[in-house]
Amino acid sequence: MPDRLVTDRDPRHTRPSCERYAMSPIIELDEVTKVFDAPSGPVRAVDGISLTVEHGEVFGVIGYSGAGKSTLVRLINGLERATSGRLVVDGDDVTTLSERELELKRRHIGMIFQQFNLFASRTVAGNVAFPLKVAGWPRAERDRRVAELLDFVGLLSRAHDHPSQLSGGQKQRVGIARALAARPSILLADECTSALDPQTTQDVLRLLRKVNTELGVTIVVITHELDVVRSIADRVAVLEHGRLAELGTVFDVFTKPRAEVSRRFVSTVLHDRPRAADLDRLRRHHEGRIVTADVLDGSTLGAVLGSASELGVAFEIVYGGIGTLQDRSFGSLTLALQGDDPSVDHLITRLRQVTTVEEVR
Ligand SMILES: Nc1ncnc2c1ncn2[C@@H]1O[C@H](COP(=O)(O)OP(=O)(O)OP(=O)(O)O)[C@@H](O)[C@H]1O
């Protein structure tokens, strides 16, 4: 038996496919740079980033603290001005809009935050109604819209409560309802689950997925947790020191991370490969040569292992983890192979014909 098997914790009932959204950009960054003048000297918070977010996708932006994620969000919604570069949001180059134009633009960009940012003195309904009031919606239409939104987020019965009477997850649901009030085409979610426990996080992510699929809202999720990206995003941009370290589908970045920073993130969520301490233990408990084989859909790993005895090799699965991501399997199994060296070499050659195999020495 494997020493450790990682089970899949994907909260989605169905995985979105990246082909689901039409490939037309709703957000376009072209060599966008933001330099802050700090007392210690200039800080390049965002450094020459070019990327596009497509209509209808859930796009993840991940990075460690200080990577430039919040600055990127503030550039997209026009709260910060880019130092250089071009940034088109839903048809407008926000780098050239006036303050008044930006203010109107922001009404079409929903935003949710880590600390929810609800008005403590207003009721749940009052919070959701607030942006509609600012936008001058008549009372009756406002009331109708608020009821519709609270129903959508499952909080209609709490309309007259105040935020202090709600749990963190419920507060974020109110935040989401408020962000959607004026029917934005884009929702920016900045660390929106970082203050929540894992179960509530999954509930909120499921709601965001519903916002995306049922309302067609494009969502940009900013996070320092790969599990969040893994749970909800179609594609992910990995930021480091203000620069774009890697960009790809969540599946590709998870299964074939190219940048060192991406590899660090991946190792935080899928413990499918033995670390140095695990290896010492495996060597003590198992004889033979140790190899790690990638498990991907379509690889006929099982059939090849089934032929091991013909070659005079005995194998044991000693470590591993397999999950699913975007409806595809991925992970790896670590095997102890016992037999004479030429026979084990022969089996490894056969395994390499169907998957990637690394011998752990
Ligand atoms: N107004 C500012 N003035 C000076 N420096 C700033 C300002 N805002 C951000 N920075 C700096 O820019 C860099 C990127 O910050 P940013 O907040 O965008 O990163 P982040 O990835 O969102 O990090 P965190 O998750 O910690 O918020 C950091 O070095 C930060 O200190």
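Indexing begins at 1, ligand by ligand and atom by atom, following the structure's order. Along the sequence shown, residues are numbered consecutively beginning with 1.
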* Under 4.0 Å between a Lys/Arg side-chain N and an Asp/Glu carboxylate O for Lys34 and Asp47? -> no
* Salt-bridge present (Arg144, Asp151; N to O < 4.0 Å) -> no
* salt_bridge(Arg284, Asp280) N-O dist < 4.0 Å -> no
* Salt bridge check: are Arg263 and Glu246 linked by an N-O gap of less than 4.0 Å? -> no
* Asked: Any chance the rings of Tyr64 and Phe265 have centres within less than 6.0 Å?
  -> yes
* Structure fact -> Heavy-atom contacts under 4.0 Å to ligand 1, chain-then-number order, include exactly Phe36, Val43, Ala45, Tyr64, Ser65, Gly66, Ala67, Gly68, Lys69, Ser70, Thr71
* Asked: Are any of the side-chain nitrogens in Arg106 or Glu103 under 4.0 Å away from the carboxylate oxygens of its partner?
  -> no
